[in-house]
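Counting starts at 1 for both ligands and their atoms, in listed order. Excluded from the calculations below are hydrogen atoms, water molecules and symmetry mates; all remaining heavy atoms, backbone and side chain alike, are included.
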Amino acid sequence: MREYDIVIIGGGPAGLAAAVAARDNGIESILILERDKELGGILNQCIHNGFGLHTFKEELTGPEYAARFAAQVFARNIEYKLNTMVMDISPQKVVTAMNREEGLFEIQAKAVILAMGCRERSRGALNIPGYRPAGIFSAGTAQRLVNMEGYMPGREVVILGSGDIGLIMARRMTLEGAKVKVVAELMPYSGGLKRNIVQCLDDYGIPLKLSHTVVDIRGKERLTGITLAAVDEKGRPIPGTEEDYDCDTLLLSVGLIPENELSNGMGVEMSRVTSGPVVNESLETSVEGVFACGNVLHVHDLVDFVSEEAAAAGKNAAKYVKGAGTGSGHVIELKAVDGVRYTVPCTIDPERMEDTQIVRFRVGNVFKNCAIGVYFDDEQVMKRKRPVMAPGEMEEIKLEKGKLQLHPGLKTITIKVEEV
Ligand SMILES: Cc1cc2nc3c(=O)[nH]c(=O)nc-3n(C[C@H](O)[C@H](O)[C@H](O)COP(=O)(O)OP(=O)(O)OC[C@H]3O[C@@H](n4cnc5c(N)ncnc54)[C@H](O)[C@@H]3O)c2cc1C
């Protein structure tokens, strides 16, 4: 069986940044396994700009951003295999993969980095009544068809879901000559970034109907129209509010699901909130030597944060391979309460953490003129005012090692939304 120090599953932005960081931290033997025919992940189909403002201080398209990281991988001669699907990872870190040239093969890894990204929730998960005519696509599929394959999915479009991909596709379809009639959103707030609502809907006069959903789909062979209805606070359609729209295309942008079949298969402990692995300060999962980063860990809003997080995973995997100790055994639990849905990481060992530890999280509602409160056990240690917080935007706080070391018996760090 072939052996590598670090095997990285997925060659998207997370996998690439993790590989570069692992090499820069002294690991020679690295292999990236990618099922697609090129590196770069989902960014290859995101041809709009707006990527890289944090990382490169310039506005890049998705493929340009991915190419910057791919170039770093090539410059370091890091090994990768394309068209290679990872089928299984054992708890002993035996990776089973297959491709056309080699068939089914196994690799023994000392450390594994999970970077499989996420996939879109499909119509099947929504239970919308009606036939199953052609013309219903996930927004990401439509994005791939338009941007990579050169096909137009339709001309008269309704979009369900106001996550970033739905918003981006409203603009993209308009630029390609389609009429986007409306974007409907079940929640009373958009799931996307504010900047995307302004730049993709407002600038093109596309209406956004909050607290609305699709209650009927018409057409047998091809979609001919849909019915929208307002929903109450429990998301139930309100009778008498139905409105019909004629359209040949319905795009669904109704959430992303981290691709964790492999993680589940190897027995990694999962978070019910993020659907990603539970990780410690080193982004290490409950299986020793297995790290996770990017959208497989939790769905990110900006790819810049994916790259930053993945670099940390790569560095920590390198430390693990080089025999870094298992830490002090002092584990501080992070608790997300009062409007905060989750935190990544979930635990911190103050011995193993970097001088500064970034903790990322999302809130579960729109909060205006509130604050993020951080508590070491019962003592408040941070209160940061935030004019607006929304579920579509990831939040972060930074914890300093020096401050944690001043609290030797600390058991819990609590993060919550509170009044100013
Ligand atoms: C449709 C879509 C559009 C998006 N648009 C934007 C946008 O406009 N702006 C933005 O900032 N973010 C966007 N995102 C979010 C974007 O996914 C992340 O910012 C970033 O691409 C995440 O990087 P990643 O490496 O974690 O995941 P990905 O980019 O998804 O990369 C994961 C890689 O792992 C590979 N893989 C998965 N399973 C296996 C396996 N078993 N074996 C081998 N390889 C495997 C996949 O083929 C893929 O290449 C979009 C996401 C989606 C799904």
Side-chain angles (χ1 to χ4, degrees), residues 7-19 31-55 59-63 65-66 69-70 80-89 95-99 112-121 137-148 161 163-169 171-172 192-193 195-196 199-200 251-263 265-266 276 292-311 313 392-394:
V7 174
I8 299 172
I9 322 296
L16 297 178
L31 176 66
I32 304 172
L33 296 174
E34 168 56 54
R35 69 181 169 195
D36 209 342
K37 64 181 193 305
E38 56 193 336
L39 297 174
I42 211 81
L43 291 191
N44 289 323
Q45 66 181 61
C46 302
I47 65 170
H48 53 278
N49 61 358
F51 296 87
L53 285 168
H54 293 260
T55 312
E59 251 194 89
L60 305 172
T61 64
Y65 185 94
F69 279 91
Y80 61 91
K81 286 182 192 290
L82 300 175
N83 300 307
T84 303
M85 177 83 184
V86 176
M87 318 291 289
D88 183 62
I89 314 169
V95 177
T96 307
M98 87 192 252
N99 62 29
V112 171
I113 300 180
L114 305 170
M116 292 90 75
C118 59
R119 62 166 173 267
E120 295 175 283
R121 189 165 282 137
F137 303 86
S138 73
T141 303
Q143 188 179 50
R144 188 174 177 100
L145 287 172
V146 175
N147 293 351
M148 294 183 81
D164 287 316
I165 310 168
L167 299 175
I168 299 273
M169 280 314 289
R171 177 176 65 183
R172 190 80 193 106
L193 293 170
R195 79 169 195 212
N196 281 337
Q199 292 173 4
C200 301
L251 300 188
L252 302 174
S253 174
V254 288
L256 298 170
I257 305 169
E259 290 236 31
N260 273 301
E261 285 70 18
L262 292 173
S263 327
M266 72 187 301
C293 54
N295 277 359
V296 81
L297 178 56
H298 59 139
V299 174
H300 290 64
D301 52 356
L302 294 176
V303 70
D304 305 69
F305 301 136
V306 169
S307 306
E308 194 180 280
E309 181 180 274
E393 318 221 353
M394 227 163 60

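- We find the OG1-NZ distance between Thr84 and Lys37 to be 14.5 Å, quoted to the nearest 0.5 Å.
- Taking CD1 of Ile165 as the start and CG of Leu251 as the end, the distance is 11.5 Å to the nearest 0.5 Å.
- Contact residues for ligand 1 (protein heavy atom closer than 4.0 angstrom to any ligand atom): Gly10, Gly12, Pro13, Ala14, Leu33, Glu34, Arg35, Gly41, Ile42, Leu43, Gln45, Cys46, His48, Phe51, Thr84, Met85, Val86, Ala115, Met116, Gly117, Gly140, Gln143, Ile165, Leu256, Leu262, Gly294, Asn295, Asp301, Leu302, Val303, Val306.
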Inset, instruction - Evaluate side chain to side chain contact (heavy atoms under 4.5 Å, CB included) for Ile8 paired with Tyr80, printing each intermediate quantity in order. - result: CA-CA 9 Å; Ile8 299 172; Tyr80 61 91; over 6 Å; no

Inset, instruction - Take Gln199 and His48, measure what side-chain hydrogen bond (donor to acceptor under 3.5 Å, both in side chains) needs, and give me the verdict at the end. - result: CA-CA 11 Å; Gln199 292 173 4; His48 53 278; over 6 Å; no

Legend entry - His300 and Glu309: CA distance, side-chain angles, deciding distance, side-chain hydrogen bond (donor to acceptor under 3.5 Å, both in side chains) verdict: CA-CA 10 Å; His300 290 64; Glu309 181 180 274; 3.1 Å; yes

Inset, instruction - In sequence, state the C-alpha distance, the side-chain angles, and the governing distance for Glu120 and Leu252, and then conclude on side chain to side chain contact (heavy atoms under 4.5 Å, CB included). - result: CA-CA 9 Å; Glu120 295 175 283; Leu252 302 174; over 6 Å; no

